[in-house]
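Working notes, structure below.
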2 protein chains.
Amino acid sequence: MRIKDEYSILKEHVKEKGLRITPQREVVLDAFLGTERHVDVESLYILVKKRDASISFATVYRTLKLLCECELAKELKFEGKITRYEHKYNHKHHDHLVCAQCGKIVEFHNDKIEEIQDKVARENNFKVLNHHLEINGICSSCRN
Amino acid sequence: MRIKDEYSILKEHVKEKGLRITPQREVVLDAFLGTERHVDVESLYILVKKRDASISFATVYRTLKLLCECELAKELKFEGKITRYEHKYNHKHHDHLVCAQCGKIVEFHNDKIEEIQDKVARENNFKVLNHHLEINGICSSCRN
DNA sequence: GTATCATTGAAATTGAAATTCAATAACGAT
DNA sequence: ATCGTTATTGAATTTCAATTTCAATGATAC
């Protein structure tokens with residue numbers, strides 16, 4: 001079985017839901033895949049507009065929802081910030097360091113933290129669905 | 001120096017800001033201190049109303065803001081949930097387990113996690129301001 | 001007592017996000 | 001290709017939490 005690309009994943013997902021791939025949805029997908037990570041809806045909307053000015057905010061929202069459903073995208077809600085979306089396909093789980101001043105986002109992963117989280121959940125008889133760890137601070141550039 | 005009680009802390013804080021303690025603010029403080037933890041604004045408003053029906057939503061919001069400023073309260077923004085407030089005075093830092101089904105909130109603290117977080121931040125040249133760790137899952141009652 | 005300034009409640013506003021709706025476009029069956 | 005069905009679209013509206021405005025009121029310092 002070959003590795004499915006993002007387009008096929010979305011196609012399959014919408015098919016399963018009895019929906020369709022449309023030119024608009026393709027544009028939103030392309031724009032999303034073409035961005036750097038952690039894009040917000042507003043910025044993505046602007047990028048989408050560059051490719052097709054007739055596409056609405058609503059369609060961007062709706063398509064992002066579809067992308068999240070099929071795990072091409074992941075919604076990120078940092079404290080006090082607006083919702084962002086990052087690429088999820090072919091990306092391992094990770095947490096984030098966020099600079100409170102410039103907004104810079106650094107991804108990190110730590111097995112030990114994951115492990116302890118699972119342990120804590122187990123001790124409290126919780127079945128883990130997901131977790132959110134966000135460290136807010138000031139990055140080195142902003143400290144100079 | 002004797003331990004200040006919550007009332008004195010608020011009093012001092014508003015004084016510093018050139019503001020005043022008012023009957024309404026006292027009622028909101030009392031209601032907040034009298035609740036269980038993790039109260040949302042709506043619920044607190046209802047509790048406040050029981051003591052003084054003339055107090056408005058705006059005053060509850062404004063007073064909660066004051067309580068957060070002087071660290072009597074802490075704002076909690078769990079993913080996809082409305083803002084909640086917990087008692088902060090005389091309470092150690094902790095993280096939360098949240099049941100996705102019944103909303104139950106369990107507090108926990110783990111030194112090792114804190115330690116690793118600091119290490120990760122240091123490695124990335126971030127000066128930590130705060131962090132937010134939230135584990136979402138299903139509690140034991142909801143699994144039965 | 002008076003001038004000053006914080007406080008209040010009601011209502012309006014904000015801002016992000018989601019939804020409604022009539023018009024349109026795509027699909028499957030024939 | 002044509003038809004009927006059903007998803008999709010963009011514009012506008014709505015939702016919802018949260019905040020702010022504003023005129024009236026109340027407290028404080030002098």
Side-chain angles (χ1 to χ4, degrees), chain A residues 10-32 38-70 73-85 103, chain B residues 10-32 38-70 73-85 103:
Chain A
L10 178 58
K11 197 169 168 182
E12 199 166 298
H13 174 70
V14 294
K15 201 175 167 185
E16 267 173 30
K17 291 191 80 181
L19 309 180
R20 300 162 192 158
I21 289 277
T22 64
Q24 290 90 339
R25 285 178 180 161
E26 278 187 56
V27 169
V28 176
L29 175 62
D30 283 356
F32 175 68
H38 314 115
V39 72
D40 61 67
V41 185
E42 174 77 26
S43 312
L44 185 60
Y45 173 66
I46 291 167
L47 291 168
V48 164
K49 279 281 193 192
K50 281 186 189 162
R51 298 166 191 240
D52 180 345
S54 73
I55 294 176
S56 71
F57 229 95
T59 296
V60 176
Y61 265 110
R62 287 186 281 232
T63 308
L64 275 172
K65 202 176 171 188
L66 289 174
L67 297 186
C68 287
E69 285 169 5
C70 63
K74 183 171 187 223
E75 200 181 74
L76 298 174
K77 297 193 176 197
F78 295 124
E79 292 209 31
K81 303 276 172 59
I82 59 174
T83 303
R84 291 175 170 274
Y85 295 85
Chain B
L10 178 58
K11 196 170 171 182
E12 200 165 298
H13 175 68
V14 293
K15 202 175 168 186
E16 267 173 28
K17 292 191 77 180
L19 309 180
R20 299 161 191 157
I21 288 277
T22 64
Q24 289 92 336
R25 286 178 179 161
E26 279 188 55
V27 169
V28 176
L29 174 62
D30 282 356
F32 175 68
H38 314 116
V39 72
D40 62 66
V41 184
E42 174 76 26
S43 311
L44 185 60
Y45 173 67
I46 291 168
L47 291 168
V48 165
K49 278 282 192 191
K50 281 186 190 162
R51 296 166 192 238
D52 181 344
S54 73
I55 294 178
S56 72
F57 229 93
T59 296
V60 175
Y61 265 108
R62 287 186 280 233
T63 308
L64 275 172
K65 203 176 172 188
L66 290 173
L67 298 186
C68 287
E69 285 169 5
C70 62
K74 183 170 187 227
E75 201 181 74
L76 298 174
K77 297 193 176 198
F78 295 124
E79 292 208 32
K81 303 278 172 61
I82 60 174
T83 304
R84 291 176 170 273
Y85 295 86

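Letters A, B, ... mirror the listed sequences (proteins, then strands); counts begin at 1.
Taking Tyr61(B) as the reference, Val41(B), Phe57(B) meet the side chain to side chain contact (heavy atoms under 4.5 Å, CB included) condition, with sequence neighbours excluded.
Note: CD (Glu79(A)) to P (dA16(C)) measures 17 Å, nearest angstrom. Rounded to an integer number of Å, the gap from NZ of Lys77(A) to C1' of dA18(C) is 11 Å. As a whole-Å value, the separation of Lys49(A) NZ from dT9(D) P is 14 Å. Atom P of nucleotide dA17(D) and atom CG of Leu44(B) are separated by 15 Å, given to the nearest angstrom. Atom NZ of Lys17(A) and atom C1' of dT6(D) are 15 Å apart (whole Å). The CZ-C1' distance, from Phe57(B) to dT19(D), rounds to 12 Å in whole Å. As rounded to whole Å, 16 Å separates atom P of dA18(C) from atom OH of Tyr45(A). A straight line from CD of Glu75(A) to C1' of dA17(C) spans 10 Å, rounded to a whole angstrom.
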Under 3.5 Å, sequence neighbours excluded: what are the donor-acceptor pairs made by side chains of residues 45-54 of chain B?
unit_1, atom_1, unit_2, atom_2, d
Tyr45(B), OH, Lys49(B), NZ, 3.2
Lys49(B), NZ, Ala53(B), O, 2.7
Asp52(B), OD1, Ser54(B), N, 2.9
Asp52(B), OD1, Ser54(B), OG, 2.7

Heavy-atom contacts, protein to nucleotides 20-30 of chain D, under 4.0 Å, summarised as B (base), S (sugar-phosphate only) or - (none) per nt, yield BB----B-S--

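The nearest heavy atom of DNA chain C to Asp52(B) and to Gly18(B) marks one nucleotide each, and the one closer to the 5' end goes with Gly18(B). Nearest-nucleotide mapping onto DNA chain D: of Gln24(A) and Tyr85(B), the residue sitting toward the 5' end is Gln24(A).
Two residues are said to be in side-chain contact when any heavy atoms from C-beta on lie closer than 4.5 Å; Leu10(B) and Leu67(B) meet this criterion.
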